[in-house]
Amino acid sequence: MDIKERIRRSPPAADSSAAAIGHPRGRKARAAVLPLSVAALVACGVLLLLLAGGGSAARRGGQFPDADPIPTTRSGGAGGRGDLPHAGPSDGEHETMVSSKVQRDKLIGGLLAPGFDEQSCLSRYQSVLYRKESPHLLSTYLLERLREHEARQKKCGPHTQSYKKAIEQLKSGQGTTVGDCNYLVWVSYSGLGNRILTIASAFLYAILTNRVLLVDGDKGTADLFCEPFPETSWLLPSDFPIKQFRNFSIGSPESYGNMLKTEAIRSDGSFKGPIPAFLYLHLAHDYDDYDKLFFCEHSQQHIQGIPWLILRSDNYFVPSLFLIPAHQEEFLRLFPQKDAVFHHLGRYLFHPTNVVWGLITRYYDSYLAIADEKLGIQIRVFETQTGPFQHVLDQVLACTLKEKLLPEVNAQQSIVSTRNVKSKVVLVTSLNSGYYERIRNMYWEHPTTNGEIISFHQPSHEEHQDSDKKMHNMKAWAEIYLLSLSDVMVTSAWSTFGYVAQGLSGLKTWIMFKPENHTAPNPPCRQVMSMEPCFHAPPFYDCKSRRGTDTGKLVPHVRHCEDMSWGLKLVDTDQQ
């Protein structure tokens with residue numbers, strides 16, 4: 001029985017002597033020792049008790065929280081999780097260390113807070129059983145700020161006295177002196193990958209500015225993600241008084257950009273009229289130059305005094321937050337490894353609900369767990385016509401073969417010896433099943449040149465993206481998560497779906513360039529500089545000089561993306 005099954009069943013630790021008596025080998029041992037001397041009987045009895053104690057400890061190994069350790073270095077088969085070490089019941093000091101080790105693994109090194117009802121969100125503490133230990137270290141300062149933020153969410157969250165007071169102030173229409181509880185409301189917008197990236201961006205901004213994050217429950221947010229904060233909810237209550245907030249757009253008079261444009265906000269940051277109770281921040285792909293001034297330090301000073309901010313975006317705007325001078329020192333303390341921002345925040349925030357976790361674990365255990373190596377291939381095609389397209393298939397094969405992620409096939413022989421060769425499983429995600437079927441058939445009809453055994457699997461093929469359908473989004477989230485459990489990954493240019501999987505995995509994936517004119521690009525792919533997502537629509541403006549500039553050249557750790565020449569992404573220059 002593997003470790004996952006032990007944790008699910010969580011049997012009570014059996015009495016070691018009873019276990020020995022009940023075991024068939026124990027009965028045979030007793031029969032064999034009858035003619036022996038009393039001393040031999042005693043010696044055998046002691047031996048059996050020791051063996052039973054080890055078995056009892058092994059059975060306890062899958063339990064939380066008083067469990068033997070999940071190894072920090074996982075390798076080999078069964079999904080790369082390895083075997084549990086066993087501790088004898090007399091090793092009290094070792095067992096204390098073991099229990100502490102399991103708790104650290106379960107909480108991802110302190111990233112997650114204890115105290116949640118585990119049954120309400122199984123993925124929160126079970127993810128460690130499926131995911132390899134992250135090599136990307138957490139800063140103690142980030143952990144401190146997360147605990148502070150959790151306390152703020154609890155104090156100021158929905159249905160608290162502080163929240164009710166803030167809502168009454170919001171209803172009055174007048175801005176008041178900023179108190180302990182100030183809010184950032186995230187508006188649900190665009191596809192699932194975009195939504196995940198913008199929630200992470202909004203969360204970081206909330207940490208940097210000491211605001212409570214409330215998320216719009218539209219498009220089934222609660223169906224996809226567990227609550228990330230203990231003893232409170234991050235969901236915006238349905239009776240939120242600004243009823244039209246989902247309809248805000250670039251032309252809304254409540255937007256910060258329009259208030260600058262119409263000079264409702266003066267150049268010194270003061271308001272011509274009364275201070276508003278809220279501001280709308282339009283940071284979507286179609287935002288204009290006035291909206292982009294949000295990323296200037298003087299704008300942040302204007303915004304700081306507003307109790308409620310309502311944010312609409314479809315971008316991962318973290319790189320431009322880093323370029324705000326007032327946040328840079330804090331940013332570096334939070335993330336000394338600069339390309340691990342989404343990796344850490346994503347693992348903290350996004351835990352699949354039990355329904356989605358069921359989709360993930362059933363698929364993983366059925367098709368992926370036993371392989372020695374898992375390769376994820378994410379194919380996103382930005383075409384209006386229906387695929388599959390030959391040039392896309394050519395690109396996928398060119399990338400995986402050139403980078404030796406897949407072996408060549410042998411068209412001359414029907415059988416190649418497969419003794420002592422590792423198995424590889426390939427998880428394909430795409431709206432279209434054609435790519436999966438053609439690659440699978442290629443490796444079915446011909447053996448590999450190195451004898452490697454390869455299996456291919458595609459969980460779904462929805463044909464079209466439909467971000468308003470509940471089950472469509474659940475399957476998409478399950479597939480993102482499954483991809484992120486890969487050992488090696490290939491993703492598609494411009495795809496936020498791929499960015500999320502890449503960031504959660506902590507891998508530097510191979511990214512396939514966007515084809516032009518129905519032709520596979522050459523080279524077909526390259527390994528990314530960092531695991532961070534790309535900000536697709538950054539501002540090109542120097543706030544100090546108040547003129548246009550290349551924001552990808554201002555600091556060494558904010559560079560242009562591999563797949564989008566005008567995009568920005570964070571890189572860790574210490575690792576370059």
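Just so it is clear, the values below take in all heavy atoms, side chains as well, and ignore hydrogens, waters and symmetry mates.
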Non-hydrogen atoms of [X] and [Y] that approach each other most closely:
| X | Y | result |
| --- | --- | --- |
| E403 | C525 | CG-SG, 4.0 Å |
| S320 | P539 | OG-CD, 3.5 Å |
| L504 | G346 | CD2-C, 3.7 Å |
| H282 | S249 | ND1-C, 3.6 Å |
| C561 | F535 | SG-N, 4.3 Å |
| Q527 | K508 | NE2-O, 3.0 Å |

Quiz item: Heavy-atom count around Q412 CD within 6.0 Å, excluding the residue itself: above 12?
Solution: no

Exercise. Using a cut-off of 6.0 Å, state whether more than 12 heavy atoms not belonging to Y367 lie near its atom OH.
Key: no

With rounding to the nearest 0.5 Å, note down the distance linking [atom1] in [X] to [atom2] in [Y].
| X | Y | atom1 | atom2 | value |
| --- | --- | --- | --- | --- |
| I511 | R526 | CD1 | CZ | 9.5 Å |
| F540 | T551 | CZ | OG1 | 4.5 Å |
| R380 | T429 | CZ | OG1 | 11.0 Å |
| L485 | I360 | CG | CD1 | 7.5 Å |
| L349 | F225 | CG | CZ | 9.5 Å |
| Y541 | D289 | OH | CG | 9.0 Å |

Quiz item: For D365 and Y130, what are the C-alpha separation, side-chain angles and deciding distance, and is it a side-chain contact (heavy atoms from CB on, under 4.5 Å)?
Solution: CA-CA 10 Å; D365 293 339; Y130 293 84; 3.5 Å; yes

Quiz prompt | V318 and its side chain to side chain contact (heavy atoms under 4.5 Å, CB included) partner, picked from L568, V558, L204 | solution = L204

Is it true that a side-chain atom of [X] and a backbone atom of [Y] form a donor plus acceptor pair closer than 3.5 Å?
| X | Y | answer |
| --- | --- | --- |
| R347 | H343 | yes |
| T221 | L235 | no |
| D314 | N194 | no |
| S139 | R333 | yes |
| D216 | D218 | yes |
| R124 | E227 | yes |
| H136 | G506 | yes |
| S201 | F317 | yes |
| W494 | D563 | yes |
| E373 | K424 | no |

Are side-chain heavy atoms of [X] and [Y] found at a separation under 4.5 Å?
| X | Y | value |
| --- | --- | --- |
| T491 | L483 | no |
| Y481 | S127 | yes |
| Y125 | F116 | yes |
| M529 | E562 | yes |
| L192 | I480 | yes |
| P352 | W477 | yes |
| P523 | F513 | yes |
| I453 | V421 | no |

Self-check item: Short N-O contact, K338 and E532, less than 4.0 angstrom
Solution: no

[X] and [Y]: side chain donor to acceptor below 3.5 Å:
| X | Y | value |
| --- | --- | --- |
| D550 | H560 | yes |
| S530 | R559 | no |
| Q458 | S433 | no |
| D339 | Q337 | yes |
| T448 | N450 | yes |
| Q502 | T509 | yes |
| H536 | Y499 | yes |

Quiz prompt | Test ring-ring contact (aromatic ring centres under 6.0 Å, His included) applied to F203 and F229, W234, F350, the passing residue | solution = F229

Quiz item: Pick from F295, F294, F322: which one makes a ring-ring contact (aromatic ring centres under 6.0 Å, His included) with Y205?
Solution: F294

Quiz item: Checking side-chain contact (heavy atoms from CB on, under 4.5 Å) for the pair F335/L345: CA distance, chi angles, key distance, verdict?
Solution: CA-CA 10 Å; F335 304 102; L345 296 185; 4.1 Å; yes

Exercise. Check the pair V341 / Y316 against side-chain contact (heavy atoms from CB on, under 4.5 Å), numbers first and verdict last.
Key: CA-CA 11 Å; V341 177; Y316 181 72; 3.8 Å; yes

Exercise. Measure the acute angle between the ring planes of H457 and Y363, then classify it against the limits of 30° and 60° as parallel, tilted or perpendicular.
Key: perpendicular

Quiz item: Can you check side-chain contact (heavy atoms from CB on, under 4.5 Å) on L224 and K219, steps first, answer last?
Solution: CA-CA 9 Å; L224 301 172; K219 297 183 183 291; over 6 Å; no

Practice problem: Check whether NZ of the Lys or CZ of the Arg R312 lies under 6.0 Å from the centre of the six-membered ring of Y287 and within 45 degrees of that ring's axis. | Solution: no

